[in-house]
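See structure below.
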There are 2 protein chains.
Amino acid sequence: MGQNQKINQKVRDIFTDFLELKGLRKTPERYAILEEIYSNSGHFDVEKLYLKMKKNNYRVSRATVYNTLDLLENCELVVRHQFHNNISEYERSFGASQHDHLICTDCDKVVEFCDPRIHAIQSMAGELLKYEITNHSLILYGQCKKENCENKKAKKKARKN
Amino acid sequence: MGQNQKINQKVRDIFTDFLELKGLRKTPERYAILEEIYSNSGHFDVEKLYLKMKKNNYRVSRATVYNTLDLLENCELVVRHQFHNNISEYERSFGASQHDHLICTDCDKVVEFCDPRIHAIQSMAGELLKYEITNHSLILYGQCKKENCENKKAKKKARKN
DNA sequence: CTCGGTGCAAAGCTTTTGCATCCGC
DNA sequence: GCGGATGCAAAAGCTTTGCACCGAG
């Protein structure tokens, strides 16, 4: 059994436990969506996932995709990111290392990075303010200093700055 | 001259310099919007600002509000936040200390806090990844441990978790 | 059999866009 | 007077909702 298959099995089990705990139904659509998400890594939005499933001849409605993503977010198999536009991006979160994001303000490219001090900040702030912190979102914005940054955004839309 | 008036004058000057530098017009609408934003502190969204101006008998279109907020964001008189919903929230950023946000997952209340280590993370990540970091967004999510947390969200919508 | 879940389409919200008019320069 | 800015309304996205039907328990 390969590493991926092992992860997929574990993930299905977590989802099943969650659904049973909450008294929710174990529908094929829900498992199909989970499967699809864990068949790749990287960021995706609802539309991308919806179209990918359609292409693979698995027909689900957008409503079900939204519903299932909510569930998966609640059982922490998926994290939702809110980057600086008004659409929700998602990412699978089991079997992946905790990380944060750096976004290029020229080309929108997303780079992942990790810094242990964030957890220190998180727990200290929680203690100080009397909050039980469950998660965080750290996004850095900046320009790539390398010359191979393709500057897509500038092409896409001449920014009025 | 009071502290607020001094700030308002400084802020107008910054905006004027910015508009002149970019060759943009100094329209009364733009200054009226800036004025309205700096007449209060705290977070606001486009609709809230739009209605506030309307109530004060200053008629601007939503389109102009969006346009001007873009300009103000570019000259760093306003920061835009993307919390975990799909609407943009703004906050004036001149004359206020740099801070980050903690959001209560029960009642959506936003608390501000500050930790100097974030700047260290920011510059180290930038150096490592060869990016010129210009700004960041750090949001912590958690539940208030005090009993006076009114749990508005639970009322607003029985979350399907 | 029941009632939660799905699919579809309509509605809701925020944001963007097109165009005629206006006004800063 | 020119060309950018505004106002309005329509259009465009993303997300939620309503309702008839389906199927998991």
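Computed from heavy atoms alone, side chains included, the values below leave out hydrogens, waters and symmetry copies. From a predicted model like this one, the values you see are computed outputs, not experimental measurements. Chain A is the first sequence line, chain B the second, and so forth, proteins listed ahead of strands; every chain is numbered from 1.
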Find the distance [X]:[atom1] to [N]:[atom2] and express it as a whole number of Å.
{"X": "Y31(B)", "N": "dT6(D)", "atom1": "OH", "atom2": "C1'", "result": "17 Å"}
{"X": "Y66(B)", "N": "dC8(D)", "atom1": "OH", "atom2": "P", "result": "16 Å"}
{"X": "H84(B)", "N": "dT15(D)", "atom1": "NE2", "atom2": "P", "result": "11 Å"}
{"X": "D45(B)", "N": "dT14(C)", "atom1": "CG", "atom2": "C1'", "result": "9 Å"}
{"X": "N67(B)", "N": "dG4(D)", "atom1": "CG", "atom2": "C1'", "result": "10 Å"}
{"X": "I87(B)", "N": "dT16(C)", "atom1": "CD1", "atom2": "P", "result": "13 Å"}
{"X": "L49(B)", "N": "dT15(C)", "atom1": "CG", "atom2": "P", "result": "12 Å"}
{"X": "K48(A)", "N": "dC14(D)", "atom1": "NZ", "atom2": "C1'", "result": "16 Å"}

Short side-chain donor-acceptor distance under 3.5 Å, [Y] and [X]:
{"X": "H101(A)", "Y": "E89(A)", "result": "no"}
{"X": "Q82(B)", "Y": "N86(A)", "result": "yes"}
{"X": "Y141(B)", "Y": "S137(A)", "result": "no"}
{"X": "K52(B)", "Y": "N40(B)", "result": "yes"}

Members of residues 50-64 of chain B that approach DNA chain C, where some heavy atom sits under 4.0 Å away
A63(B)
How would nucleotides 19-25 of chain D be written as a contact map, 5' to 3', with B for base contact, S for sugar-phosphate-only contact and - for no contact, using protein heavy atoms under 4.0 Å?
----BBS
Could you tell me whether [X] atom [atom1] has more than 12 heavy atoms of other residues or ligands within 6.0 Å of it?
{"X": "K145(B)", "atom1": "NZ", "answer": "yes"}
{"X": "E112(A)", "atom1": "CD", "answer": "yes"}
{"X": "R117(B)", "atom1": "CZ", "answer": "yes"}

First of Y90(A) and T68(B) reached from the 5' end of DNA chain D, by closest nucleotide:
T68(B)
For E76(A), give me all partners under salt bridge (charged side-chain N to carboxylate O under 4.0 Å, His left out), at least two apart in sequence or on another chain.
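Not a single residue meets the salt bridge (charged side-chain N to carboxylate O under 4.0 Å, His left out) criterion with E76(A).
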So, does [X] get its side chain near the phosphate of [N], meaning an N or O under 4.0 Å from OP1 or OP2?
{"X": "S88(A)", "N": "dC14(D)", "value": "no"}
{"X": "R30(B)", "N": "dG24(C)", "value": "no"}
{"X": "N86(A)", "N": "dC14(D)", "value": "no"}

Value rounded to 0.5 Å, distance of OH in Y58(A) from CD1 in I33(A)
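Answer rounded to 0.5 Å: 8.0 Å.
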